[in-house]
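One structure is given here, and the rest of the page talks about it.
Remember, it's 1-based here, ligands and their atoms both numbered in the order they're listed. What you are looking at is a predicted structure, and each value in this text was computed from that prediction instead of being measured.
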Amino acid sequence: MKTYKIAVIAGDGIGPDVINEGKKVLEAAASGFKLEWIDYPFSGAHYLKTGELITEQALEEMRKMNAIYLGAVGTPKLKPGVIEKGLLLKLRFFFDQYVNLRPVKLYEGVPCPLAGKTAKDIDFYVVRENTEDFYVGIGGNFHEGTKEEIAIQTGIVSYVGCERIMKYAFELAKSKGKKRVTAVDKANVLTNVYGLWRRVFNEVASNYKGIETEFALVDAVTQWFVRMPEHYQVVVTPNMFGDIITDLAAVIQGGMGVAPGANINPNGVSMFEPIHGSAPDIAGKGTANPIAAILAGKMMLETIGEQKTADKIEKAVETILKEGKIVPAEFKGKATTSEVGDAVKNKLEK
Ligand code: ATP
């Protein structure tokens, strides 16, 4: 039987709890293929204990696997940036996962903080460029620790980088039957980098005649995601703005516990994760919502070519949320992390 090798980095805090539920559901859903999990210990806690973030050997092993499934990494005991740069960004850059794909879908039964908006109003994709902009690590400090200190950090945008992410966004729109692609930027102030971004967008768009296009400034987008989410279908955004607006998007789709994400290299190894962090405030309580991790697993199956099984998982999640019998603690219900996972597993169509 076909076997997919999946590298697993469960990580810190609620990461291991939600990943366990994801594994449980994916294993139960798999039909016609098997999943082999290869667990790695990398996390903030592992770094504090061993001084190791991620090893070259592990990266080389992962290169031969079908995908990476990640829970959450980070601990308040670490300075901000250590694990983000040393593990998460390292993986994204090493495997050139240039697409950060974030489906923003409000499922029926999930409470939405926007007055008057329902499941039919919120169903779009954010396609975030994942390898350029201000996240490339170009910069430095001078006179560090003194009052004379100066700091510089540079954002880069390249023609090739824009072209590949925009093509992905338009192809996604085509494959999902979406009719509009919105390009986000701040081209009225950062004219150099986002001027190039706009030029490439217009060029790529000219090859997709049937799809409507528009530009939107990032500040306006934060307003319109709240006022008129039904307007959006596919949104393509540079790295840093994408990081910010996808947290806003997670809230309008119901919360961090239902928001999955994928770091995709269409020709290489991709990584799938719930977008939430390790949530130290709820770690160890058994109340984390595993739906985001389960849906990230669903995206993983979709990407490796197991669409039928992926659809089956989404249907089970949809049914649980709609029925409202098992309500995650995140939505003021009583269900524990494993009760939510079990409920999804038991709803899978045979
Ligand atoms: P980071 O600082 O890396 O973003 P974090 O875990 O502190 O990580 P978020 O991921 O932004 O922060 O989550 C914010 C809060 O949302 C958490 O502190 C937690 O209370 C809640 N939360 C996040 N994920 C979940 C989840 N899966 N289930 C329930 N609540 C969650």
Side-chain angles (χ1 to χ4, degrees), residues 9-25 42-48 53 69-92 100 102-107 109-113 126 128 130 135 222 239-240 242-261 263 271-299 317 320-321 326-344:
I9 303 175
D12 296 293
I14 63 172
D17 301 353
V18 298
I19 282 293
N20 272 343
E21 300 312 307
K23 282 172 156 180
K24 181 160 92 184
V25 170
F42 308 118
S43 63
H46 180 77
Y47 173 70
L48 286 170
L53 283 161
Y69 194 28
L70 184 133
V73 290
T75 150
K77 292 181 193 141
L78 265 177
K79 217 169 106 184
V82 175
I83 204 86
E84 291 82 354
K85 277 176 142 176
L87 186 63
L88 282 179
L89 290 183
K90 175 89 188 175
L91 281 160
R92 288 178 188 175
N100 185 266
R102 279 275 296 105
V104 183
K105 183 168 176 174
L106 174 67
Y107 289 95
V110 173
C112 175
V126 178
R128 167 184 162 197
N130 217 17
Y135 289 33
T222 59
N239 206 344
M240 188 164 73
D243 194 358
I244 298 165
I245 63 173
T246 50
D247 261 31
L248 171 59
V251 173
I252 68 171
Q253 76 186 110
M256 300 303 276
V258 285
N263 301 282
M271 176 165 77
F272 302 83
E273 55 175 328
I275 74 151
H276 60 74
S278 56
D281 54 329
I282 55 165
K285 295 189 177 153
T287 55
N289 187 356
I291 297 285
I294 294 169
L295 290 174
K298 171 241 160 196
M299 291 175 83
V317 167
I320 294 299
L321 293 170
I326 298 284
V327 181
E330 187 185 22
F331 306 144
K332 310 224 174 328
K334 291 198 169 50
T336 62
T337 309
S338 61
E339 283 167 354
V340 177
D342 285 340
V344 176

Side chain, backbone, both or neither: which part of A293 comes within less than 4.0 Å of ligand 1 when only heavy atoms are counted? neither

Could you check if a side-chain atom of Y107 sits within less than 4.5 angstrom of a side-chain atom of L295, using non-hydrogen atoms only? yes

Student check: side-chain heavy atoms of I326 and V344 closer than 4.5 Å: no

Counting non-hydrogen protein atoms only, what is the nearest one to atom 18 (O) of ligand 1? Give residue, atom name and distance. D281 OD1, 2.7 Å

If you measure from atom 24 (N) of ligand 1 to every heavy atom of E330, H276, K285, E84, which option wins on shortest distance? H276

re atom 3 (O) of ligand 1, the protein heavy-atom contact at minimum distance is G277 CA, 3.9 Å

Is atom 21 (C) of ligand 1 in close reach of the protein, with a heavy atom under 4.0 Å away? no

In this structure, atom 7 (O) of ligand 1 is nearest to the protein heavy atom P280 CD, 4.0 Å

Which value, rounded to the nearest 0.5 Å, describes the distance between I320 atom CD1 and E339 atom CD? 12.0 Å

Can you find an N/O atom of A279 closer than 3.5 Å to an N/O atom of ligand 1? yes

Which of the numbered atoms in ligand 1 are below 4.0 angstrom from a heavy atom of G257? 26 (C), 27 (N)

Going by heavy atoms in the side chains, are V258 and K105 under 4.5 Å from each other? no

Minimum heavy-atom separation for V82 and Y47, please, with both atom names. CG1-CE2, 3.6 Å

Can you find a pair of side-chain heavy atoms, one from Q253 and one from P103, that are under 4.5 Å apart? no

Under a heavy-atom criterion of less than 4.0 Å, does A288 contact ligand 1? yes

Answer yes or no: does an N/O atom from D247 fall short of 3.5 Å to an N/O atom of ligand 1? no

For a quick test of reading the model, state the closest non-hydrogen atom pair linking G261 to R102 and the distance between them. CA-CD, 4.1 Å

Nearest protein heavy-atom contact for atom 25 (C) of ligand 1: which residue, which atom, what distance? I14 CD1, 4.0 Å

So for ligand 1, is N289 a polar contact partner (N or O within less than 3.5 Å, distance only)? yes

Interatomic distance, CD@E330 vs CD1@I291, rounded to 0.5 Å, equals 9.5 Å

Tell me the protein heavy atom at minimum distance from atom 14 (C) of ligand 1, and give that distance in Å. M256 CG, 4.4 Å

With heavy atoms only and a cut-off of under 4.0 Å, state how I282 meets ligand 1: side chain, backbone, both or neither. side chain

Heavy-atom check, side chain of F42 versus side chain of V73, under 4.5 Å: no

Within a distance under 4.0 Å of any heavy atom of S278, pick out the atoms of ligand 1 and give their elements. 6 (O)

Quick one: CG on N263 to CG on L70, what's the gap to the nearest 0.5 Å? 8.5 Å

Heavy atoms only, cut-off 4.0 Å: how does I275 contact ligand 1, side chain, backbone, both, or neither? neither

